[in-house]
Amino acid sequence: MTCQTQRTGLEQAMMVAQRALLAARTIHWLHCREVEVQLQGSHDEISGKPYVLIQYAKSYCIKFKEEFGAEIVQRMRVQNREFEMWQFDVRGCLVRWLQEV
């Protein structure tokens with residue numbers, strides 16, 4: 001193994017650790033607001049940012065739309081039901097939820 005290979009592996013490990021830390025901080029932030037986290041993802045394929053998927057609840061999702069500029073990033077259909085995926089950024093981590101249309 002060359003020095004360059006070791007450095008590349010270390011850089012990748014540090015990026016993974018940094019994403020995990022960002023997600024953990026966001027989960028703590030959500031927990032303090034009594035928001036239930038459903039899933040933690042390592043990184044978004046487009047932005048490369050870590051993300052967390054939260055359970056939809058009208059009360060706080062409306063607040064997130066107003067206060068944090070949450071926006072629709074995807075529309076999908078599952079078993080004849082339509083959903084919108086909403087997201088916003090909290091200090092480098094994406095917070096997402098699915099909302100039935």
Side-chain angles (χ1 to χ4, degrees):
M1 185 181 287
T2 68
C3 195
Q4 177 66 31
T5 305
Q6 289 175 335
R7 187 172 40 230
T8 302
L10 180 59
E11 289 169 354
Q12 290 175 343
M14 289 177 67
M15 293 253 327
V16 169
Q18 183 179 26
R19 289 182 190 138
L21 180 60
L22 286 171
R25 287 180 178 162
T26 302
I27 290 168
H28 175 73
W29 183 86
L30 290 164
H31 178 72
C32 290
R33 287 154 183 78
E34 299 180 358
V35 176
E36 187 175 339
V37 174
Q38 297 293 310
L39 176 73
Q40 174 189 343
S42 61
H43 70 279
D44 175 70
E45 292 180 14
I46 295 172
S47 69
K49 295 180 179 181
Y51 66 90
V52 293
L53 183 66
I54 61 173
Q55 182 174 349
Y56 172 77
K58 187 175 184 177
S59 60
Y60 58 74
C61 288
I62 288 172
K63 184 177 181 177
F64 290 158
K65 291 174 188 178
E66 294 172 354
E67 291 185 19
F68 299 101
E71 58 187 10
I72 299 169
V73 293
Q74 186 177 2
R75 289 186 168 88
M76 62 193 84
R77 180 181 287 271
V78 179
Q79 297 179 350
N80 294 325
R81 295 167 61 189
E82 291 185 43
F83 295 89
E84 297 171 333
M85 179 179 289
W86 289 78
Q87 82 177 20
F88 66 99
D89 190 303
V90 175
R91 294 181 232 135
C93 184
L94 302 173
V95 176
R96 296 177 170 168
W97 69 89
L98 294 175
Q99 185 173 330
E100 191 166 2
V101 181

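Side chains are part of it too, since the values below use all heavy atoms of this structure and drop only hydrogens, waters and symmetry mates. Position 1 is the first residue of the sequence, and the numbers go up from there.
- Environment of CZ in Arg77: crowded, with over 12 heavy atoms of neighbouring residues, nucleotides or ligands closer than 6.0 Å.
- The minimum heavy-atom distance between Val52 and Ile27, with the atom names listed, is CG1-CG1, 3.7 Å.
- Ring planes of Trp97 and Trp86: parallel class, angle under 30° (limits at 30 and 60°).
- No side-chain heavy atom of Phe83 sits less than 4.5 Å from a side-chain heavy atom of Val101.
- Using a 4.5 Å cut-off on side-chain heavy atoms (C-beta onward), Ser47 and Leu94 make contact.
- For Gln38, the CD atom counts as densely surrounded, since its 6.0 Å shell holds more than 12 non-hydrogen atoms of other residues, nucleotides or ligands.
- Annotation: the span from Glu11 atom CD to Gln18 atom CD amounts to 12.0 Å, rounded to 0.5 Å.
- Taking every heavy atom of both residues into account, Leu22 and Pro50 meet most closely at CB-CG, 3.9 Å.
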Phe64 vs Gln87, side-chain contact (heavy atoms from CB on, under 4.5 Å): CA-CA, chis, key distance, verdict: CA-CA 9 Å; Phe64 290 158; Gln87 82 177 20; over 6 Å; no
For a ring-ring contact (aromatic ring centres under 6.0 Å, His included) check, start with the C-alpha distance between Trp29 and Phe68, then their side-chain angles and the critical distance, and finish with the verdict. CA-CA 14 Å; Trp29 183 86; Phe68 299 101; 5.4 Å; yes
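- In this structure, Arg96 and Ile54 have side chains that are not in contact, with every pair of non-hydrogen atoms separated by 4.5 Å or more.
- Using a 4.5 Å cut-off between side-chain heavy atoms of Ile, Leu, Val, Met, Phe, Trp and Tyr, with links allowed through other members, Tyr60 and Leu30 fall into the same hydrophobic cluster.
- For the pair Met76/Met85, a side-chain contact is recorded, criterion being any heavy-atom separation below 4.5 Å from C-beta on.
- Using a 4.5 Å heavy-atom cutoff, the side chains of Thr26 and Val95 are in contact.
- A donor atom on one side chain and an acceptor atom on the other are found under 3.5 Å apart for Gln99 and Lys65.
- Considering NZ of Lys49 and CG of Asp44, their distance stands at 9.0 Å, rounded to 0.5 Å.
- In this structure, Arg81 pairs ionically with Glu100, as a charged nitrogen and a carboxylate oxygen lie closer than 4.0 Å.
- To the nearest 0.5 angstrom, Ser59 atom OG is 10.0 Å from Glu34 atom CD.
- When all heavy atoms are compared, the tightest approach of Cys61 to Tyr56 is SG-CD1, 3.5 Å.
- Hydrophobic clustering keeps Leu98 apart from Val37 (ILVMFWY residues linked when any side-chain heavy atoms are closer than 4.5 Å, directly or through intermediates).
- For Arg19 (side chain) and Gly48 (main-chain N/O), a donor-acceptor pair under 3.5 Å exists by modelled atom type.
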